[in-house]
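What follows is a short report on a single structure.
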Amino acid sequence: MTASDQQHQPRPGMPADPPGPPAGAGGSAAPGPRAGEAVDPHLLQQLADAHGVGTSFQGWDGLPHSVAEETLIKVLAALGVRAHTNQHVQAALAEAELAPWRRMLPPAVVIQQGEPAQVPVNVREGATASLTITLEGGSGSREGVQQDVSMQPRDVDGVSVARATFALPQDLPLGWHTLHAESGNAAASATLVVVPARLETAKALEKRRGWGLATQLYSVRSKRSWGIGDFADLADLAALSGARGADYVLVNPLHAAEPVPPVQPSPYSPSTRRFFNPLYIRIEAIPELAYLKPRKRALVERLHEEVAGLNKDGERLDRDAVYAAKLQALELLYHTRRSPARQAAFDEFCRISGSGLDDFALWSAVREDLPPGDPLWTDPAWALGTPETEALREKLADRIGFHRWLQWICDEQLESAQQTALRSGMRLGVVHDLAVGVDHSSADAWTLRDVLAPATSVGAPPDMYNQQGQDWGQPPWHPARLAEAGYAPFRNMLATVLRHAGGIRVDHILGLFRLWWIPVGNAPGDGAYVRYDHEALIGILALEAHRAGAVVIGEDLGTFEPWVRDYLAARGIMGTSILWFEYDGDSPLAPEKYRTQALASVNTHDLPPTAGYLAGDHVALRSQLGLLERSEAEERAEHNASLEKMLALLRERGYLPDGAAGGYGSGPSGSEEQTIEALHLLLTQTPSVLLGVALVDAVGERRVQNQPGTTEALYPNWQVPLGGPDGKPVFLDDLPANARFNALLAAVEEALHS
């Protein structure tokens, strides 16, 4: 039974919750207005506002833009609200007003610890009610106190419903509790989450600021890698940089992709955000390898030899070849008998991970043989819990066990990497990256269909760097259904990612406030913003980070409402400051004016490494790919003018000598490396508590990892191995002797902590 099934089980005499649209319904956009019948725009805007759908937005050009009526109708349809005739709009408006009265308790309640809070309980007029709080883990119970609050009863389908208001105790502990309401024969329950008013995990950074490396793990190979950077490489990079004073290593999302090749290259379009990608497993670090019989051990070594040569490829990574070889080796290791202690550890991991792991492993086992477009994935008869699906669990038991085991190995190796990082002297260790969402054909899209919105995807409206808008091809959380589920899917995802982490970077954290929804069939720019309960989502994020002892860094770039950054800072969530984007009017922002509660860095993964940026490589690339809406000459002129302003600031602050060209145009020999160091030294003068150094900048790489708005046929996004200025591979093994790497890290450490 899902959490939403447990919310409200009415007994005789209580109004029942209205039926919603079928779980996972959709797949095609809702029809527009009927021919000859115009929908009243005023009423449509009222309905959109009632369901958190924005009817206009401010674009990157600073001007207001209206959302097309047909787009509003489609977005409302994805929320389960029919609005393609005036009759439907009027009925939906009436239902929106009555909906809170139809249920005894709200679907979920999220409150800040120590703050006064009240909960409404809807009962038959004249009936008495009680409210009890059962504390997390059965550690006790508390009583709500009914308040003397008068509210006019409402007629709900012929039943007069009154509202009793209960005050919650202000000393409730942090955690996930349960509300129980009773009135006569009627009863209901709901999730109660008590969250920190402010996350304090970054407090120590205010006394001693920190810095760290940021990298795409798959691109960082050692001579022991199987052609792709892995968890053991992560541990080595942490040890190497920790010894030089770094406090963290920030990596790309390590979320799982497809269970078998071919796999999606983008780490930001995963199959699930809760579990990890076995592609990153270091085969030789699995203890059972020592107990393989000689013939099988030789086979593992041969598999390694077959892909080891891929390490020498400096142009493009071959995930599919690597994963195919690793899966064969992992199969051999899975079937090797585990010791009693190892088996007990595996069993405990499965117990802790619960049904979420079981469902993901089931999807993985089925997905091995079925393509993403197979009708099974959208057929309600094959949804979780149906007899057909339960029969599959029995039939595929061994394959399900294999995929559970893969996640256990990932968990073990991530734990080892984090412990290695902390032992090296890092205060945070590994900082994970949380993607915005998952692919439409993903595990989460199948297993969590009840809490995702159909017939729509997440993206971004047009902006300065992506002038046609972006469609990320990911289904968004359905705000109401997520609350109905007691926010359990969101909580479970965070808890897993944070299990062996010192921090989490939340990509596009603005998506916890609102997301740009693009209905099926619409262009990326033809969407609408849908609001989320940010108080609940940010609160739960803070609670899970508090429990993990981890910092939270929100990637808060792009178009956002001005109050959002202040709100995040007040809740203890750090922001992100990218040097190239920080401006004060027409001039680069002075370092002393940067935010304190932020991670400041020169660049981000969607920009070229700094060496490439200085040379304007991104302008040439975007022109070549047809992504510019004006001439390359105009774009380059604007880029150079902007760059010159930054170089002038560096000269003014004494980080560059007068006349230095900064790595573009003509100038002194070696000015590129000098300028990169100067840009980082400028950031050490900010008050920002964390400073990021991109590994690509430390070794002189020029190629961008990702060019938004392109496909694999146009550019090898997320497939570029770490290389140096000459384009040749740079291995972890070579970093201790890499003069450029050592110089930049030493300069940052000295400037920050001298």
Side-chain angles (χ1 to χ4, degrees), residues 4 7-8 15-22 25-26 29-33 37-58 64-110 119-120 122 151-157 161 163 190 451-456 458 476-485 487 511-519 527-537 561 563:
S4 59
Q7 293 299 311
H8 183 189
D17 294 343
E37 181 178 353
V39 174
D40 185 322
H42 177 68
L43 290 179
L44 182 61
Q45 288 184 4
Q46 276 188 289
L47 183 61
D49 186 62
H51 288 277
V53 181
T55 58
S56 65
F57 64 96
Q58 181 175 315
H65 297 260
S66 296
V67 176
E69 289 182 13
E70 189 168 341
T71 297
L72 292 177
I73 292 170
K74 290 179 179 180
V75 171
L76 286 166
L79 288 166
V81 181
R82 301 185 70 187
H84 60 280
T85 69
N86 276 330
Q87 183 179 2
H88 286 135
V89 172
Q90 290 167 345
L93 278 170
E95 181 56 37
E97 187 176 349
L98 277 181
W101 291 84
R102 290 189 182 279
R103 56 185 312 130
M104 197 173 189
L105 281 172
V109 177
V110 181
V119 174
N122 297 322
M151 183 173 289
Q152 188 71 24
R154 298 296 300 269
D155 182 278
V156 181
D157 301 328
V161 178
R163 175 165 293 173
V451 293
L452 297 176
T456 187
V458 173
W477 293 119
H478 188 297
R481 294 185 198 166
L482 188 59
E484 291 281 354
Y487 296 103
L512 301 184
F513 294 79
R514 65 179 188 178
L515 276 174
W516 183 254
W517 285 27
I518 306 165
Y529 279 113
V530 174
R531 294 191 300 273
Y532 288 81
D533 186 346
H534 65 273
E535 293 280 359
L537 296 177
E561 295 164 290
W563 59 270

With sequence neighbours excluded, residues passing salt bridge (charged side-chain N to carboxylate O under 4.0 Å, His left out) with [X]:
X	answer
E561	none
D155	none
R154	E97

Side-chain heavy-atom pair [X], [Y] within 4.5 angstrom cut-off:
X	Y	answer
L47	L72	no
V156	L98	yes
D49	R531	yes
V110	E535	no

[atom1]/[X] to [atom2]/[Y] distance, rounded to the nearest 0.5 angstrom?
X	Y	atom1	atom2	answer
H88	E95	NE2	CD	13.5 Å
T55	Q46	OG1	CD	11.0 Å
R102	D157	CZ	CG	4.0 Å
K74	H84	NZ	NE2	13.5 Å

Only counting residues at least two apart or in another chain, list the ones meeting side chain to side chain contact (heavy atoms under 4.5 Å, CB included) with [X].
X	answer
A91	none
P479	L79, W517, V530, Y532
A480	H478
A68	T71, D526

Closest heavy-atom contact between [X] and [Y]?
X	Y	result
V161	W101	O-CZ3, 3.5 Å
L512	L537	O-CD1, 3.7 Å
A190	P106	CB-O, 3.2 Å
S56	V67	N-CG2, 4.0 Å
A453	A78	CB-O, 4.0 Å
A83	L44	CB-CD1, 4.1 Å

Open item on the list: Could you work out, with ring pair (Phe, Tyr, Trp, His ring centres under 6.0 Å) as the rule, every residue matching W477, not counting sequence neighbours?
Closed with: none

Open item on the list: List the residues meeting ring pair (Phe, Tyr, Trp, His ring centres under 6.0 Å) with H534, not counting sequence neighbours, and say none if there are none.
Closed with: F513, W563, Y567

- [ ] Answer yes or no: is there a donor N or O on one side and an acceptor on the other, between the side chain of D40 and the main chain of N86, under 3.5 Å?
- [x] no

